[in-house]
Amino acid sequence: MASPRVPALSSEGNLSSYLQEIRKFPMLEQEQEYTLAKDWRESGDVESAHQLVTSHLRLVAKIAMGYRGYGLPVSELISEGNVGMMQAVKRFDPERGFRLATYAMWWIRAAIQEYILHSWSLVKMGTTAAQKKLFFNLRKLKGQMQAIEEGDLHPEQVTHIATQLNVPEADVVSMNRRLAAPDNSLNAPLRIDGDGEWQDWLVDDTMDQETSLAEDEELSKRRALLVAAMKSLNERERHILEERRLKDNPTTLEELSQEYGISRERVRQIEVRAFEKLQKAIRNAAIEQRLATA
């Protein structure tokens, strides 16, 4: 008998019903999990893989809820986490002796974190004290540095502003781009004496099936690159990066400086270096991937 289908999660509107539906999938005992995982690994039994995924949908939702506050819909975070869960099942080896949940947590978090990083420029700014300080002081600091031209700031300008305001450099870049391209109303008239509005000239950007598939494949590649790139960081770098960049309520530099017994500036330097290493590792892996398929 086939297991129930995974409930659809298309918007925030049906999030409550989705969370209720996934409770209907039973949790697995260790022996059941081992048998299903072995069947999937040895014979490719899709039904076994389906049961492994659905039995952990509540785990995915719980982890995804921890990433609220980035301005991204929870439904999208859960969907990305579900993709990570599927990747975990695909690679899980039951013979190693640990439970699937322990192994899957890494894949779920990696999928969600990669999605957040990929969507960083879309995240609503101004939700924390540091971001509000950045919003209200960025223009003033740019004026003092005479960095009034349009476009991205120079790397040394970004570093200076980030140091002055004690915020991540990525936040400076993102906020600068937002301030340089303010939102405009779709109901704004095209001309003062005209009746037409901007929304009348919008092009239907709905993707065709081929484009959608190509983007899904590209996102999967990016996710794999991030997972591999995270391994380039040592334990302290990875921990600080996660605490500063990937938490709902980022840990302060002061708290991390006390935890590691180092100065706040040293913590900030490690954070910046870790992010740069992550970017470099992703970039190098992408190049190697392209060369391998050329």
Side-chain angles (χ1 to χ4, degrees), residues 1-68 72-116 118 207-228 230-231 289 293:
M1 180 178 177
S3 299
R5 295 180 60 186
V6 178
L9 179 60
S10 56
S11 66
E12 299 298 289
N14 74 336
L15 180 59
S16 296
S17 60
Y18 172 84
L19 295 177
Q20 292 177 352
E21 286 295 319
I22 62 176
R23 291 181 179 276
K24 297 179 182 179
F25 293 100
M27 303 291 286
L28 299 175
E29 297 293 339
Q30 186 168 2
E31 292 184 3
Q32 292 176 298
E33 180 180 286
Y34 174 83
T35 300
L36 290 171
K38 192 172 182 180
D39 289 343
W40 161 248
R41 190 173 180 86
E42 294 181 355
S43 59
D45 182 31
V46 176
E47 178 61 25
S48 295
H50 177 81
Q51 290 186 50
L52 290 170
V53 171
T54 54
S55 66
H56 289 78
L57 291 178
R58 276 173 281 183
L59 173 64
V60 174
K62 181 179 179 181
I63 293 175
M65 290 296 183
Y67 289 92
R68 290 176 296 180
L72 297 171
V74 176
S75 59
E76 294 183 10
L77 298 177
I78 292 177
S79 295
E80 293 299 319
N82 285 342
V83 173
M85 184 66 229
M86 291 182 222
Q87 292 293 327
V89 169
K90 183 178 180 180
R91 293 169 171 79
F92 180 60
D93 183 357
E95 299 296 342
R96 297 202 172 188
F98 48 78
R99 298 297 300 270
L100 174 58
T102 303
Y103 179 73
M105 287 176 66
W106 161 255
W107 285 93
I108 296 168
R109 288 199 178 100
I112 294 173
Q113 290 171 4
E114 193 276 342
Y115 176 69
I116 292 173
H118 181 69
M207 292 185 294
D208 56 44
Q209 188 172 4
E210 291 183 0
T211 303
S212 178
L213 178 60
E215 291 208 353
D216 288 343
E217 291 179 349
E218 177 64 22
L219 186 59
S220 296
K221 291 179 181 178
R222 288 176 178 270
R223 183 176 298 110
L225 289 175
L226 176 68
V227 172
M230 288 292 284
K231 297 178 182 179
Q289 191 177 78
T293 57

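Keep in mind that what you see is a predicted model, and the values were worked out from it rather than measured. Atoms considered below: every heavy atom in the structure, side chains included; atoms not considered: hydrogens, waters and symmetry mates.
For the side-chain hydrogen bond (donor to acceptor under 3.5 Å, both in side chains) criterion with Glu33, the lone passing option out of Gln51, Lys38, Arg99 is Arg99.
For Ser48, the side chain to side chain contact (heavy atoms under 4.5 Å, CB included) criterion is met by Leu36, Asp39, Trp40, Asp45, not counting sequence neighbours. Residues forming a side chain to side chain contact (heavy atoms under 4.5 Å, CB included) with Asp93 (at least two apart in sequence, or on another chain): Arg41, Glu95, Arg96. Qualifying side chain to side chain contact (heavy atoms under 4.5 Å, CB included) partners for Met27, counting only residues two or more places apart in sequence or in other chains: Arg58.
The nearest pair of heavy atoms linking Ser55 to Pro26 is CB-O, 3.4 Å. Contact record, Val60 with Gly81: CG1-C, 3.4 Å, taken as the closest heavy-atom pair. When all heavy atoms are compared, the tightest approach of Ile22 to Ala61 is CD1-CB, 4.1 Å.
Here the side chains of Leu28 and Leu100 are not in contact, with every heavy-atom distance at 4.5 Å or above. Lys90 places none of its side-chain heavy atoms less than 4.5 Å from the side chain of Trp107. Tyr115 places none of its side-chain heavy atoms less than 4.5 Å from the side chain of Val83.
Within the model, atoms OG1 of Thr54 and CE of Met85 stand 9.5 Å from one another, a figure rounded to the nearest 0.5 Å. The structure places CZ of Phe92 at 15.5 Å from CD of Gln87, a figure rounded to the nearest 0.5 Å. Rounding to the nearest 0.5 Å places CG of Leu77 at 7.5 Å from OG of Ser75. Rounding to the nearest 0.5 Å gives a distance of 10.0 Å between CD1 of Ile63 and NE2 of His56. Separation of atoms CD1 (Ile78) and CD1 (Ile108) is listed at 11.5 Å; rounding is to 0.5 Å.
Counting only distance, with no hydrogens or angles, the side chain of Gln32 and the backbone of Glu29 share a donor-acceptor pair below 3.5 Å.
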